[in-house]
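Encoded as structure tokens, the structure appears first; notes follow it.
Reckoned from all heavy atoms, side chains included, excluding hydrogens, waters and symmetry mates. In the text below, chain A, chain B and the rest are named by the order of the sequence lines, each starting its count at 1.
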Protein chains: 2
Amino acid sequence: MPSPTPTRARMSADRRREQLLDVTKEMVGEQGFHAVSIEGVARRAGITRPVVYGHFDDLGALLEAMVEREGTRALAQLAEILPTELAEGGSPRDDLLAGLSGYLAAVAADPITWRLVLMPPEGAPPVLREQISRGRDAVVAALADVVRPGLGPGSESPDAELTARMLSSVADESARLMLTDPSRYPRERLLAHAAWLLRQLEPG
Amino acid sequence: MPSPTPTRARMSADRRREQLLDVTKEMVGEQGFHAVSIEGVARRAGITRPVVYGHFDDLGALLEAMVEREGTRALAQLAEILPTELAEGGSPRDDLLAGLSGYLAAVAADPITWRLVLMPPEGAPPVLREQISRGRDAVVAALADVVRPGLGPGSESPDAELTARMLSSVADESARLMLTDPSRYPRERLLAHAAWLLRQLEPG
DNA sequence: GCCCGATGTTACAGCCGTGTAAGTTGCCTC
DNA sequence: GAGGCAACTTACACGGCTGTAACATCGGGC
């Protein structure tokens, strides 16, 4: 992530807008949504409030714009990961593991954004929850497709959607552990355990 | 939950204190921590700010006291549930299922408090996270004890702590689903699925 | 090279929450 | 039934954030 250029120089509207969103994201990451104010963002960006108002109607609009941008990025990352899981290639188990691996990589690469998704803070604009819920539904749907046929004969889930949700929840919990205590829960440990878990779910 | 008596009458210090905590809990439940203010609590309680200051040093202390009280209650509820899981009685699977069942019942009985635990909102005093983390560790430890010997021969977990965490995470996700969409995810559906899941984890 | 629009600032009025000091009122006791 | 303490209110000084209007300045294009 490029540092949010606390430049004093003048900026084009586009650059300024991006910078303000960067600053907002940083502040949310550090202190949460409730700590963000137009005043604070302006101060941190090295400018004055009216400039911010020139770009965003009010605090809500600013936060929404930030969430919108980050959400879009996160969904794009997901889009790159999910197809992997549906590849007709390997076994469902390998697909799921590859998906988890990609997911953890994406989370590690942009912790602030994914922290928003994984620990959705109150005070966030409703757009966030909607976006998260949309993303999660996509994931669950994809997982359900993998799970429905069963990981092997005799292990068909009686409730594919719920199974998918639980898998998604396990993946999220893994990501959460990695985010909050990476030294104790390195990616290899999480992946190794997931591999064991999925093996258990196979018949025989 | 007794309604928080918006009485105008004078109150004993103890009753007033409890009422203020009730009001605070309500407001947090409705609008989140960030929306709570001494002013707001006083207004809702039908009194003036100095009364609140008579009981709590500042907003932080008020929120901490509320979290403290609710946390203690939640931990007490957990304490009633957890031993069940360790009962030498039935199979590990039955113990785990009974534990989940009790957990879901507790959550349904006091949604506001458990929502705090399951969806820990930013803006909450650090005490909350500490209390949650303490509670979760207790649960994970208990689950790990159940899981370590394996749910059956040949199914010993290579990483009991992580397995326990995943089980705990699945239970939490179940509770979360029940809280956010009870008609779609009634307790029976969640329990039935958990039963299937645990059966899959058994060997053979 | 100068001019005009875009970028940015200073300044003001207002709202809401904080915390405290001083005074008032109700209740319980002796 | 009068004192006295606990419960409560009124009132004030203060600080931070919100929006907006009026003014200043930079810089690219003709």
Show the distances under 3.5 angstrom between N or O atoms of the protein and N or O atoms of nucleotides 25-29 of chain C.
{"residue": "C:dT25", "atom": "O2", "partner": "B:Arg10", "partner atom": "NH1", "Å": "3.3"}
{"residue": "C:dT25", "atom": "O2", "partner": "B:Arg10", "partner atom": "NH2", "Å": "2.8"}

Just the rounded figure in Å: distance from [atom2] of [N] to [atom1] of [X].
X: B:His55; N: D:dA6; atom1: NE2; atom2: P; answer: 12 Å
X: B:Tyr53; N: C:dA22; atom1: OH; atom2: P; answer: 18 Å
X: B:Arg17; N: D:dA6; atom1: CZ; atom2: P; answer: 17 Å
X: A:Met11; N: D:dG27; atom1: CE; atom2: P; answer: 13 Å
X: B:Ile47; N: D:dT10; atom1: CD1; atom2: C1'; answer: 15 Å
X: A:His34; N: C:dC16; atom1: NE2; atom2: P; answer: 21 Å
X: A:Leu62; N: D:dT18; atom1: CG; atom2: P; answer: 10 Å

Nearest listed nucleotide, side chain of B:Thr48, among D:dA7, D:dT9, C:dG19: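 Out of D:dA7, D:dT9, C:dG19, the nucleotide with an atom closest to B:Thr48's side chain is D:dT9.
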Set of residues satisfying ring pair (Phe, Tyr, Trp, His ring centres under 6.0 Å) with respect to B:His34, sequence neighbours excluded: none
Non-neighbouring partners of A:Glu18 that pass side chain to side chain donor-acceptor pair (under 3.5 Å), sequence neighbours left out: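 In terms of side chain to side chain donor-acceptor pair (under 3.5 Å), with neighbours along the sequence ignored, A:Glu18 is linked to A:Arg69.
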Side chain to side chain donor-acceptor pair (under 3.5 Å) partners of A:Arg189, counting only residues at least two apart: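 Testing A:Arg189 for side chain to side chain donor-acceptor pair (under 3.5 Å), a comparison that skips the adjacent residues, returns B:Asp159, B:Glu161.
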Pairs where residues 48-61 of chain B contributes a residue and the test salt bridge (charged side-chain N to carboxylate O under 4.0 Å, His left out) is met, not counting sequence neighbours: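 Residue pairs with at least one partner in residues 48-61 of chain B: B:Glu39-B:Arg49.
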Pairs involving residues 97-117 of chain A, ordered by first then second residue, that meet ring pair (Phe, Tyr, Trp, His ring centres under 6.0 Å) (sequence neighbours left out): A:Tyr103-A:Trp114
Pairs touching residues 170-190 of chain B that satisfy ring pair (Phe, Tyr, Trp, His ring centres under 6.0 Å), sequence neighbours left out: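 Qualifying pairs, neighbours excluded: none.
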Mind listing the N/O atom pairs, protein and nucleotides 11-17 of chain D, below 3.5 Å?
none

Salt bridge present between A:Glu70 and A:Lys25 (N-O < 4.0 angstrom):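 The answer is yes: the pair qualifies as a salt bridge.
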Phosphate-side-chain proximity, B:Arg16 and D:dC8, N/O vs OP1/OP2 below 4.0 Å: yes
Side chain to side chain, A:Val36 and A:Gln31, heavy atoms closer than 4.5 Å: no
For residues 132-140 of chain A, which side-chain donor-acceptor pairs fall under 3.5 Å, sequence neighbours excluded?
{"residue": "A:Arg136", "atom": "NH1", "partner": "A:Asp172", "partner atom": "OD2", "Å": "2.2"}
{"residue": "A:Asp137", "atom": "OD1", "partner": "A:Arg165", "partner atom": "NH2", "Å": "3.2"}

